[in-house]
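Written below as structure tokens is the structure these notes are about.
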Amino acid sequence: MRRSNWEDYQKSIADDHYYYGRSCIRQNFFPGSEKAFLEILAKELGRDIYDDPLHSSCTGIGYHSDIVPLDTIMAVVARQFALMDEAGYENFVTSCITSFGIYTEILSTWEEFPETEERAAKTLYEATGRKLVKPKNMAHTSDVIFHFRKQIAEKMCRPLINVTTGEPLRVVEHIGCHYAKIFPKKGIGGSEFPYVLAGMIESWGGEVVDYPERRHCCGFGFRNYLVQANRGYSVANSQKKLDSMAPYRPDFIVCNCPGCSMFLDKWQYTIAEMEGTTYGEGGQGIPVLTYEEMAGLVLGYDPWQLGMQMHQVDVEPLLNKMGVQYDPTTKYLGKNGKYIGKPAAAAVNNCNDVGLYEIKV
Amino acid sequence: MFYSHFCIPFIVGTVILFVTILYRYVMWIADLPKSDKRLIVKGLFTTATLRSIWETIRESLLHVSIFKRNALLGYMHCSLAFGWFLLIVVGWIETTAYMGAEFVPLQGHVFFRYFAIGIDNHIVTFDHIMDALLLFVLSGVALAWFKRLKSKHLGMRKTTKHTIGDRIALSFLWFIFPTRLVAESITAAVYGGGGFVTANIGAALNNILPASLLTGAFEPIWWIYSCALGGFFIAMPHSRYMHIFTEVPLIFLRNYRLRVRQSQSSYDNFQVQACSRCGICIDACQLQSQLGHNNVQSVYFLRDRRANSLNMNVASDCLMCGRCADRCPVGIDLNSLRLNSRAAMRNMPNERRYNYFNALDRSTGEGKVGYFAGCMTMLTPHTLTAMQTIFTAAGEDVWWADRDGGVCCGRPLRLTGETDSANKMVQYNTALFRKHGITTLVTSCPICLKTFREDYNLEGIEILHHSQYILRLINSGKISLQHSDNKTFTYHDPCELGRGNGIYDEPRSVITAIGTLIEPKHHHRDSLCCGSSLANTVISDSEQITISSSLTLELEATGAKTLVTACPLCKKALGRTTQQKIVDLSEIVATNLNTKP
Amino acid sequence: MSKRVVVVGGGISGMQTALSLKSLGFEPLILEQSRQLGGKVADWHLLFPSFTPAEEVTVPLIRAVRQNGILVRLGCKVVSIESRRVILCSGERIDCDAVVLCSGSTLFDATIKEEYGYGIYDNVYTSADIEKMMNNECVATASGAAPERIAILHCVGSRDEKVCQRHCSKVCCITGVKQAIELKKLFPKAEIFNFYMDIRMFGPGYEELYRQAQIDYNIHFVRGRISEASPLMDGRVQIKAEDTLTGRPLRMSVDMLVLMIGMRANDDNAFLSSSSGAELAPNGFFKSRNSFVDNVLSTKDGIFLAGTVSSPKTIGQSLNEATTVAHRVAEYLNYGN
Amino acid sequence: MATNFGFSISKPRVIDVDTNNLKKSNEILAALPELQSCIGCGSCTASCTAGNLTSYNFRKVHTLVRRGEYAGAYEEMNKCMLCGKCRLLCPRGINTRRVVMLIKKCLGDF
């Protein structure tokens, strides 16, 4: 595929001094990813990034579920920006694609309709006494990793290569809808052929797999997932993507959106349970990674430190392909060595059945 | 004494013929539905039998109907049928005259000239009469030959195509009379005698040919004649000539009130086999004359049905305008046969269909008079408003069955063969009419009218076409119309109204109450079809236009200012091809109403 | 000495304009930026709706230009038009009495509609590509095989706010029908689907051709715009659209996806307009003084328009304008001043 | 297998031309090529006697059939009363009644 056109969609990404906005879903389901991101930036790349305990959810899930009104979310967003300013930063990076969409949408709204910005600033001031200062640079954390992909490649110790065959790993990249589908110019590579993850994969030795339903949504859809009766529609979307990518035999899926990582992973379990369909080699599922996990693996981090035991689909087959050394016995041990529990046996977490993980407390 | 070996082919053929025909008739009659059998028994000793005999003479022998349509063609059929009949009858009289009461076997009558060689007391008159009759028949054969070559000269655009059975039978038939002539002539040449034809030819042969040759040919030529007869008799039941006999029982059964049914029955055999393939139906057919569709006309439809090779296309490609049935000299119920063929192919009983009729009632208004506009009338709203005006002027309370859309009358489905589906509509509409207690049912659509009259059981409800109803209003003085001779109209008889329902005069009376009526070239029973008939599901839009154009040309040629018809479908069809004003009968009535004082 | 009229552009409109001007006694000069005459029509294979070879239009015009001794300068790009003067990129100044802009339009760049994957996937083509392939008699998929299913997408770069081309390019509908028939003739067994938003069959014989495509060539017309194209493993393309007439999404894989690219205004129009003072319409084409009696007049005296420089047009319409414009130039030069 | 999570996975609504069997659709089009000339104006459906009483949509059903979507088409066509109003209105001159009969024939009947 000739993907040169991504270069038409460039955006400026700040080089240092980031104010970090966490993601509700990511910190709950992939806590190791956020930790890894902070570590990579601070330790590997020597950048200044501030993880502010004061900042809150952007309330995007509530907003997209028609629970949080627009004025409310604008005030919340205004507060995040005020906190950033108070902390002395002007480059906002957010871990969540939904938040990224929310921030870009609101910044754009404020630009188009200045009265809404005035209103948000006024509400913010009346409620908290804080002053709204808009960020100079707004980026998603995957943009930042993309920005430093070459530096990371230099430090890389485990490229995305199958150690037994020597072939590049076949990677399916999935971009969160709110990354570039709302504002194509705000995403690297635009909305049709986003390059943010593909760039990382290519820099780190992997091969990007294009497949017919590449652009399709994972099915999260907020209302569609949150209401049980609509959940079948949510699953159907993931199923459509998985059905479409399966013939290409990908080694793993990488996402930049926490929601997508979660649904493409967990719905594989659901589909297996409900319909008996499993994907991937030997029906063991297709592992779904966050880009932080992918970067962490490339940089030689321990998979359990990266939180990869939290996945529904077991990642061990992938780790084996990559030649990652890992200790199976520590998979379900927490930071302090305490047993964190493990998922019940299912078709997509087959490694569980081996019995290696019977941890004595 | 009345036997020679050459008679064998004839005797064998005759026996096979009569056995075959008898067997068939017995089987067909045995297979008749019980009610049909009862009708036969009931009718047997009534005047119907006498009428049937008279009709048999008129039609089966003399072919009066064909004579009326086309004298030359009539003569051809008459000479062959009646001529042959007379040959047999006079031949029998002749034998009797010679032999008295003595039993003469069949071949004795047929080959009397052969066996009469030795007989004394020659009666010359018979020779002459028989020769004259032979000449009569031969003139028919000559015409038949001629018709094969040049059908136009017999007033026919097209002549029929043959099946193999037909060809065989026809070949034998064409041989029979010429060989008889030659056989009798040679007999006259060798043994003397003969009438004014055979004797003279015999004398001539004697002059030209050596006596030994004639003597040698004498026996073989009688063999040939016998073979021709025998061959024809064997082939006949498997050819179109089966009609020669079948027409006779058909006439009787028809007069006993047997009718073609919605589904095929044994009676259809008599109808189907009675077709003589005269080809008159081809000439009547607008699909042939306007579109050049061959091979679908009634004669071919019957041929295929007889051979069990009928396909859907042939069955479906018919306007059912009834022009052929109207002209059919044998009076075959062509439309009904085609319908039950379609039903045999397409009818699908399915109880779940049309369950959306349940509890449906969109009718409006109240009154003893019910008005059923019909689906098509919804596309000619002028008719609807005109009817409304007329009802109001007449002060009639009217129940409108389908002004806001109703259920179809079922005729369109019936026309395509889906009888069971159509019957669902019959049931629904019947119940609807009953529920609203109407006593008169008026419709603007002749298609609906036809099915209301034929397929609905609406006892106690008078079914009228709006032309009839309007005429009644005029006659009873409920409405009056402004008359002016300057208003000129021409009228197109819709097929379903005219030939279908026999309503010709009422619309004309209504028109003449308003202005002057100028008849087009084809009118009344001879009127043309507009081409949009629902019965035909094969012809294309452009073909419909071609048919319609030819009709509008005729209507426009009358010079009348306004073209009138009395069918919404005809109005739509004609409106496509004329620039002139085309209106429904009700419209001219509504616009020419005398406002009440 | 007769008056000099500069004709900018040597396509069919430019050539016809020059010929008409010559016959009226003027001295036309054709400035063509490429190295040959004929313009876009020269790249076309057969013309709708009669399947006439395009050279039957271009060749006689070029011959007539030569025979009539009309001055032609090839490889000349006009950078500025001032009153009674045209400046070339070489810096050369050409004085004249009037200018006729016949500089045509630009084919929409299909890579901008990147969701269709033109330039990315092998089996996505534009209408212009198909014409070239027809000219070279090498219509086939990227792998050289005969296509079994072809999708033709109408309105690529026309009537599309998303690429700032709001106008209708007028000729693509009928081109889509024409190419569908041509492809069907080449590949009788292929299934051909035309995806359209509207079908605009405004010209004589167009509607008839459309019906012919449907009835005689069994071309499927699906009302719905393709939303995206994706590659399949075997190099074919999967397309998605809504079959709006059934209200259902529709998906199929095709061997070839052909994009009916529209006409957009030349980028040069901007500086030709600013230097000359002749205004542009909002869609970037030159603005006619009005759409009726003065449609070949620009908003500036002395500058005239013919052909697709003012809006998408058919060949016939462009040639008519070329003839008309000569008479309006004559009127202007003889009586106008 | 088939664990009940309180919902079921939605089946795709997409018309998948690749997996649909177009044999019958092609038969119908071969028998009546003019059906391809439908421009979706909706006159047939607007005038439809059955459509006035039910949700029957002739235009939509025959379009779906042409795309190889046969499910339910036969049952829908059985709502038609063949009255022929649509044929009188079709601007493309399509023999609509024949279409109904062809679809019924190819998808079940006679």
- prompt: With a 4.0 Å cut-off, would you call B/Glu496 and B/Arg453 a salt bridge?
  reply: no
query: Does B/Arg305 pair with B/Asp268 as a salt bridge, N-O distance under 4.0 Å?
result: yes
- request: With a 4.5 angstrom heavy-atom cut-off, could you sort out which part of D/Cys90 is near chain B: side chain, backbone, both or neither?
  value: neither
Ion pair check, B/Arg414 and B/Asp455, cut-off under 4.0 Å: yes
task: Would you tell me whether B/Arg342 and B/Thr537 have side-chain atoms, one donor and one acceptor, within less than 3.5 Å of each other?
output: no
query: Given that the side chain runs from C-beta out, which part of B/Leu360 has a heavy atom under 4.5 Å from chain D: side chain, backbone, both or neither?
result: side chain
field: Salt-bridge criterion met for B/Glu418 and D/Lys104 (N-O under 4.0 Å)
entry: yes
field: Heavy-atom contact with chain D under 4.5 Å, split by part of B/Asp404
entry: backbone
Stepwise ring-ring contact (aromatic ring centres under 6.0 Å, His included) test for B/Phe433 and B/Phe452: CA-CA 11 Å; B/Phe433 299 151; B/Phe452 287 156; 5.5 Å; yes
query: Any donor and acceptor pair, going by atom type alone, linking the side chain of B/Tyr456 with main-chain N or O of B/Gln427 inside 3.5 Å?
result: no
- request: Select one option (side chain, backbone, both, neither) describing which atoms of D/Leu53 are under 4.5 Å from chain B's heavy atoms.
  value: both
message: Heavy-atom pairs under 4.5 Å with chain B - which of D/Arg98, D/Arg92, D/Lys79 has more of them than the others?
response: D/Lys79
Toward chain D: residues of residues 574-581 of chain B with heavy atoms under 4.5 Å: none
field: Those residues that, when tested against D/Asp16, pass salt bridge (Lys or Arg N to Asp or Glu O under 4.0 Å) (two or more places apart)
entry: C/Arg251
task: Give, as side chain, backbone, both or neither, the part of B/Asn536 having an atom under 4.5 angstrom from any heavy atom of chain D.
output: backbone
query: Should the pair B/His436 and B/Trp399 be assigned to parallel (<30°), tilted (30 to 60°) or perpendicular (>60°) ring geometry?
result: parallel
- line: Among residues 22-52 of chain D, those lying within the under-4.5 Å heavy-atom range of chain B are D/Glu34, D/Thr49, D/Ala50, D/Asn52
With sequence neighbours excluded, residues passing ring-ring contact (aromatic ring centres under 6.0 Å, His included) with B/Tyr371: B/Phe391, B/Trp400
